[in-house]
Amino acid sequence: MSSDAIAFALNTPGHLRFPSTRTLAERFDEVGGYVETLPTGHLNFYRPDGRRFLAADPVGHPLHECEWETTPAGKVSLTQARVRLDWGRWIGIRPGGLVNETRLNLVAKPDWRRITPDDLRAMAAGALGVPIEEVRCFYRDEDFAIDPKGVATIRQRKDAFYVLDGGGFETMRFMACMGAMHWDQIDFLPVVELFKSLLPGTGSAVFELIRGLYDDQNKGHAAPPRVLRYRGIPTYPSEAAFRLFSGFFTPQPLGGEDPLTAFMDPSKSHLIVWLPAQHPPIRYLDESQGFCLTVKNGSVQKATLAEDPAGLPYVSSIGRRVLPLDRSLRVEGSLLILKDRETKFILPLNPGLLVRPSPPDECPVSPVDWRTVFVQGVPRVSPVEAFEAVPVFPEDDTEISELAAQPFVADYLDDLGEQDREIGRLRSQAKRVLIVNGDAVISTCILFDRPRDYTASVCHFAYAQRQAQQLWTQCAEVQRWDWLQRIRMVAAGTCEEFLASGGPYDLIYQWLPYDSFDSSTTMRMIVMRLSQMLQRGGDAFVVGPVQLGELVTQERSRLLVHWDESVASLPTVLMHKTILPKARVKPGLTLFHVRRL
């Protein structure tokens, strides 16, 4: 391997952000650091004790960085790590970075002074309905403490993910978490919580790190590689998780049952054994042209352009029934050909990149472009906004933002529609539906049971774009393109005539902007507009301040509040608080079910 690539990886400013790794790089040869070059040309850099601190592609572009510390007892542990996403953003991982505490009064229990950590584990296992081995995996003895008054403190540690705005932990935003991994001896596949908040590409970049450390830990062992299982309290099996795991590890059949079928059963998902895949995906960066390639066993699987305003990758069509968002890639000779429906981009590949040419296209382009939902054309969105259009929640008691709070209501109404016959009926029977300022949850408000007309008035274009892409994907799954053609999005305040022409509406979902809450005049205007747009006998779900209920009844709006619920008390918010106990929505935020008289 060229010494230039090693020097580029170690000495380029910004490649190493942790003080300890920078110090190690400065004295790399002197202290006994060493480099391993993989058959693909990728570089792994190690401390003298064999702990990886940097991984880079063949040119020396960093893919992840790790910082380790040695305790006085001699135990080596991972303190923090960074992983690079395909489009350039860095994500940080803090092992045990999120700690939740629960307190239990044990005085009423017989012989409470004799209660041990294992007794507490057994209580938790019984309450959660999981084997005690699962609880033992995530709760160490030091996570339990009982004071002289019989009050037990139980600490639940989770690994925290952060968006690193400047590439390092100096400026970071909490994003998601997962069960605390045993990074020094990886022995299970983790459950990610708040997975809808993950920025695109986070899962595969984190598993690239997990697989790399796993390989390091199994290197040179005569015994078979360590088997892994999917573990969490509880697990949340999904096809997306199965696909992610399967890229890096191979599931073994469970008896005679198909691995995916068994995995999707929560009672069986933890029983499946995973072994290392022979050819995990690997990444190559081309900074001069601004793209990242993901290659598996010599075939290009994915290409991501950092400056793509759609915030989407291009993918190989091999083995696909539907081409995601009509974006494909091909390799012809030394050229990478990217197609977005009829638009084609041709990029030269690095001459040293050994990849196979692509077979003929297998997937036809769909009859409907996802962009057609925008009546006025696709809004202008920056690449960063496009990639980062996901709800992000604070880990402390900072008030949850307006956009991030929207899924609590939309998911609650979706669940309520399945449980409550009246709510299910009015959602199902509606023929014309209006969604106002619900830009983070448009696809949740849309039912895919039959064709109907949906109109969405949008304010946050990057989120609306992401929702349009999600709607295309849902229509593609059921092959009902006629349904997509009846969904329309317009910019708020620019197309009132279009909104009026689509009404009156049988059902309206409306979120009042937070900046309108202090103006009774603005809220009265919104209420009157809602009354004008809603058909007689029609229903609306409106989210606003608690005083909105009084304005509705005081105004001559012909609207009746059928019921109201504090958003803070919704089951979806309470579930969120089991992950982030300090979570707090805007005080007084209320969901109203309104009916037009």
Side-chain angles (χ1 to χ4, degrees), residues 98 100 161 173-177 192-199 234 236 238 388-420 423-424 426-427 433-447 456-460 462-464 466-467 470-471 507-517 526 539-549 561-594:
L98 184 67
N100 297 331
F161 295 151
R173 292 176 283 139
F174 177 79
M175 179 176 63
C177 56
V192 175
E193 298 175 305
L194 304 177
F195 61 90
K196 291 184 179 180
S197 296
L198 296 178
L199 297 185
Y236 300 98
S238 67
E388 297 199 357
V390 297
V392 177
F393 304 94
E395 61 183 315
D396 55 18
D397 61 358
T398 302
E399 184 181 289
I400 294 171
S401 71
E402 180 177 339
L403 280 166
Q406 290 180 2
F408 295 135
V409 173
D411 290 343
Y412 169 70
L413 291 174
D414 207 32
D415 293 340
L416 193 62
E418 297 180 1
Q419 302 163 8
D420 185 291
I423 300 299
L426 68 89
R427 295 182 79 214
V433 181
L434 175 65
I435 304 164
V436 181
N437 195 37
D439 303 338
V441 292
I442 295 171
S443 62
T444 309
C445 296
I446 292 178
L447 299 182
S457 173
V458 301
C459 302
H460 304 89
Y463 282 80
R466 182 67 69 194
Q467 292 294 298
Q470 176 62 30
L471 290 167
L507 178 61
I508 296 178
Y509 299 89
Q510 179 150 12
W511 279 261
L512 270 66
Y514 282 5
D515 60 12
S516 70
F517 286 15
I526 292 173
D539 295 88
F541 296 107
V542 185
V543 180
V546 65
Q547 63 266 30
L548 180 65
V561 176
H562 196 51
W563 52 255
D564 62 75
E565 293 261 7
S566 166
V567 172
S569 66
L570 296 181
T572 46
V573 175
L574 300 180
M575 178 63 72
H576 181 79
K577 288 172 73 70
T578 64
I579 302 172
L580 300 175
K582 297 179 182 179
R584 182 173 64 90
V585 296
K586 191 173 187 63
L589 192 66
T590 305
L591 166 63
F592 299 90
H593 176 196
V594 174

> Ignoring hydrogens and angles, write down the donor-acceptor pairs under 3.5 Å from the side chains of residues 433-443, residues two or more places apart or on other chains.
residue	atom	partner	partner atom	Å
N437	ND2	E402	OE2	3.2
N437	ND2	W511	O	2.9
D439	OD2	C459	N	2.8
D439	OD2	H460	N	2.6
D439	OD2	H460	ND1	3.1
S443	OG	Q467	OE1	2.9

> Is K586 close to F517 at the side-chain level, that is, under 4.5 Å between some pair of heavy atoms?
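When only atoms from C-beta onward are counted, K586 and F517 do touch, with a gap below 4.5 Å.
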
> When rounded to the nearest 0.5 angstrom, what distance separates CD1 in I423 from OH in Y412?
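If we round to the nearest 0.5 Å, I423:CD1 and Y412:OH are 8.0 Å apart.
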
> Measuring from atom CG of D415 to atom CG of D420, what distance do you get when rounded to the nearest 0.5 angstrom?
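Spacing of CG (D415) from CG (D420) equals 12.0 Å.
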
> Determine the minimum heavy-atom distance between L574 and S569, stating which atoms define it.
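Closest heavy-atom pair between L574 and S569: CD1-O, 3.8 Å.
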
> For a quick test of reading the model, state the closest non-hydrogen atom pair linking I400 to Y514 and the distance between them.
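Closest approach of I400 to Y514, heavy atoms only: O-CE2, 4.3 Å.
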
> List the residues meeting salt bridge (charged side-chain N to carboxylate O under 4.0 Å, His left out) with R427, not counting sequence neighbours, and say none if there are none.
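Applying salt bridge (charged side-chain N to carboxylate O under 4.0 Å, His left out) to R427 gives D414.
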
> Starting at CG of L589, measure out to CD of E565 and round the result to the nearest 0.5 Å.
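Atom-to-atom, L589:CG and E565:CD are 12.5 Å apart.
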
> Side chains of Y463 and V390: does their closest heavy-atom pair fall under 4.5 Å?
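No, every pair of side-chain atoms sits at 4.5 Å or beyond.
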
> Could you give the distance from CD1 (I579) to CG (L194), rounded to the nearest 0.5 Å?
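It comes to 4.5 Å.
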
> Using every non-hydrogen atom in the two residues, find where E395 and K582 come nearest and quote the distance to one decimal.
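So the two residues come closest at O-CB, 4.3 Å.
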
> Using the side-chain contact (heavy atoms from CB on, under 4.5 Å) rule, take L548 and V561 through it: C-alpha gap first, then chi angles, then the decisive distance, then the call.
CA-CA 10 Å; L548 180 65; V561 176; over 6 Å; no

> Please test L580 against L98 for side-chain contact (heavy atoms from CB on, under 4.5 Å), starting from the C-alpha separation and ending with a verdict.
CA-CA 9 Å; L580 300 175; L98 184 67; 3.7 Å; yes

> Quick check: do L471 and I446 have side-chain heavy atoms less than 4.5 Å from each other?
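Yes, close enough: below the 4.5 Å cut-off.
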
> Are Y509 and V409 close enough that some pair of their side-chain heavy atoms sits under 4.5 Å apart?
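When only atoms from C-beta onward are counted, V409 and Y509 do not touch, as no gap falls below 4.5 Å.
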
> With a 4.0 Å cut-off, would you call R466 and E388 a salt bridge?
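Salt bridge absent between R466 and E388.
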
> CG/L512 to CD1/I526 distance, rounded to the nearest 0.5 angstrom?
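Reported to 0.5 Å precision, the distance equals 4.0 Å.
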
> Tell me the closest heavy-atom pair linking P587 and E399, and the distance in Å.
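Closest approach of P587 to E399: CD-OE1, 3.4 Å.
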
> Measuring from L570:CG to T590:OG1, what's the distance to the nearest 0.5 Å?
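Separation between the atoms: 9.5 Å.
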
> Provide the closest heavy-atom pair for M175 versus L199 in the form atom of the first, atom of the second, distance.
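Result for this residue pair: SD-N, 3.5 Å.
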
> Any idea how W563 and H593 line up, ring-wise: parallel (<30°), tilted (30 to 60°), or perpendicular (>60°)?
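Geometry flag for H593 against W563: perpendicular rings.
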
> With a 6.0 Å cut-off on ring centres, are F408 and F393 close enough?
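F408 vs F393: aromatic centres under 6.0 Å.
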
> Would you indicate whether the side-chain heavy atoms of V192 and F161 approach each other to under 4.5 Å?
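A side-chain contact exists here, since the closest heavy-atom pair is under 4.5 Å.
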
> Could you note down all residue pairs passing salt bridge (Lys or Arg N to Asp or Glu O under 4.0 Å) where residues 539-548 supplies at least one of them, sequence neighbours left out?
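Checked against salt bridge (Lys or Arg N to Asp or Glu O under 4.0 Å) - neighbours excluded - the pairs reaching residues 539-548 are D539-R595.
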
> Tell me the closest heavy-atom pair linking A568 and V573, and the distance in Å.
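Minimum heavy-atom contact is O-CG1, 3.6 Å.
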
